[in-house]
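Letters A, B, ... are given to chains in the order of the sequence lines, protein chains preceding strands, and every chain is numbered from 1.
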Amino acid sequence: MPELPEVETIRRDLEREAVGKKIKTVDVTGTRTIRRHKTKKPFVERLTGTKILGVDRKGKYLLLRLDSGDVLVVHLGMSGQLLAAKNAKTPPPLKHTHVVLSYSTGGQLRFVDPRTFGEVFVTTPEALESEVPELAHLGFDAYEQVMSWVDFARLLRSKRTKLKPLLMDQKVIAGLGNIYSDEVLFEAGLRHDRTSDTLTAQEVRRLYRAMMDVLQEAIKHRGSSLADEQYRDLFGEVGGFQAFHRVYDREGQPCVRCRNPLVREKVGGRSTFYCAHCQV
DNA sequence: CGATCTACCTGATGGC
DNA sequence: TGCCATCAGGTAGATC
């Protein structure tokens with residue numbers, strides 16, 4: 001579900017809602033969610049009594065800095081949600097609530113995840129670099145880390161892969177997933193299957209600018225919620241960027257530029273939407 | 001090296 | 001109403 005704009009929206013919500021709060025108790029029901037820890041005990045003990053100092057984001061990972069020096073890492077997978085609650089009963093906990101942090105002030109932070117592809121774990125900042133390969137090997141952040149066009153061009157030329165898989169490869173660029181890679185490629189006027197080392201300097205700049213523009217707009221509208229409305233922000237509200245999607249989930253609808261019907265294609269098992277006329 | 005498949009899960013939806 | 005196939009925002013690992 002959640003890609004960079006959705007995770008960034010939740011990060012900003014947490015900054016407002018969770019920072020400064022002390023974790024009084026920790027309840028874990030789904031042990032698959034904390035699978036990096038062998039047992040519940042170390043996870044619960046390392047969190048209990050700590051205070052949340054700040055919230056960072058790396059790609060699609062949320063990093064909650066704790067006053068113990070540890071970091072609470074959250075990845076939402078396909079169906080994860082982080083939800084703020086007034087107390088243990090309000091609102092009533094959803095099915096598939098796997099981890100609940102109760103603050104000393106009475107509120108709660110709940111991790112809900114039906115498909116259990118998401119995960120939560122506690123670690124140290126040092127171990128993040130050395131022992132958590134997915135995080136250590138993340139590429140540059142698609143939104144936060146400014147990269148020069150020259151460097152971006154060099155990065156594209158260093159690979160000989162198709163553009164969409166490249167944009168979605170977290171080791172290269174961190175944060176883009178299936179929705180936003182399609183939206184960025186449409187905005188840039190480039191096909192998903194263009195090989196990355198065939199782009200002209202102008203196309204490289206268009207791609208870079210499209211990535212920045214699409215992500216900025218998506219964050220402004222608090223992310224995308226699809227038909228199932230599974231993506232929710234910290235307060236349970238849906239996002240609004242789906243109304244601005246140009247191609248994603250719009251098979252057969254007219255392209256906003258040329259009015260030709262948009263195409264859907266399976267690429268690497270994932271649905272890919274594009275305009276066969278505008279994207280070259 | 002890159003491309004392609006599988007597995008990990010639950011739930012919604014549509015065809016018959 | 002039920003049954004079955006297909007689909008869904010992610011990622012890692014195996015295989016060719």
Can you spot which of A:Asp182, A:Asp169, A:Asp193 makes a salt bridge (charged side-chain N to carboxylate O under 4.0 Å, His left out) with A:Lys164?
A:Asp182

Would you mind telling me which of A:Ile52, A:Leu62, A:Val122 makes a side-chain contact (heavy atoms from CB on, under 4.5 Å) with A:Leu72?
A:Val122

Worked verdict on A:Leu109 versus A:Leu14 for side chain to side chain contact (heavy atoms under 4.5 Å, CB included):
CA-CA 9 Å; A:Leu109 180 60; A:Leu14 284 168; 3.9 Å; yes

Tell me the interatomic distance from A:Asp197, atom CG, to B:dC1, atom C1', rounded to whole angstroms.
13 Å

Mind checking the CG-OG spacing from A:Asn87 to A:Ser102? Nearest 0.5 Å is all I need.
9.5 Å

Taking OP1 and OP2 of B:dA3, is either one under 4.0 Å from a side-chain nitrogen or oxygen of A:Thr161?
yes

Interatomic distance, A:Leu138 CG vs C:dT11 P [rounded to whole Å]
9 Å

B:dG2 phosphate, OP1 or OP2: any side-chain N/O from A:Lys162 under 4.0 angstrom?
no

Tell me what A:Asp228 touches on the nucleic acid: a base, only sugar-phosphate, or nothing, going by heavy atoms under 4.0 Å.
base

Rounded distance (Å) that lies between atom C1' of C:dA8 and atom CG of A:Asp182
14 Å

Quantified in whole Å, what is the P atom distance between nucleotide C:dA5 and nucleotide B:dT6?
16 Å

Rounded to the nearest angstrom, tell me the gap between atom CG in A:Leu135 and atom P in C:dG10.
16 Å

For B:dG11, does either OP1 or OP2 sit under 4.0 Å from a side-chain N or O belonging to A:His96?
yes

Evaluate the ring planes of A:Phe111 and A:His98, with Trp represented by its six-membered ring, and classify them as parallel (under 30°), tilted (30 to 60°) or perpendicular (over 60°).
tilted

Measure CZ/A:Phe111 against C1'/B:dC9 and give the value in whole Å, please.
13 Å

Does the side-chain ring of A:Phe117 sit on the six-membered ring of the B:dC8 base, less than 5.5 Å centre to centre and under 30° in tilt?
yes

When the ring planes of A:Phe244 and A:Phe241 are compared, do they come out parallel, tilted or perpendicular, using 30° and 60° as the limits?
parallel

Look at A:Ser271 and C:dA8 and indicate whether a side-chain polar atom (N or O) is within less than 4.0 Å of OP1 or OP2.
yes

d(CE, A:Met78; C1', C:dC7) in whole Å
9 Å

What does A:Phe241 touch in the nucleic acid at a heavy-atom separation under 4.0 angstrom: a base, only the sugar-phosphate, or nothing?
nothing

Between P on C:dT11 and CZ on A:Arg270, what's the gap in Å once rounded to a whole number?
9 Å

So what stems show up for DNA chain B if we need 3 or more Watson-Crick or G-U pairs in a row, all under 3.5 Å?
B:2-8 with C:10-16, B:10-16 with C:2-8

Contact class for A:Lys95 vs. all strands (heavy atom < 4.0 Å): base, sugar-phosphate, or nothing?
sugar-phosphate

Below 4.0 angstrom from OP1 or OP2 of C:dA8, is there any side-chain N or O of A:Lys266?
yes

For C:dT11 and A:Gln170 - does any side-chain N or O of the residue sit under 4.0 Å from the phosphate oxygens OP1/OP2?
yes

Just call it for A:Gly177: base, sugar-phosphate, or nothing, with non-hydrogen atoms closer than 4.0 Å on any strand.
sugar-phosphate

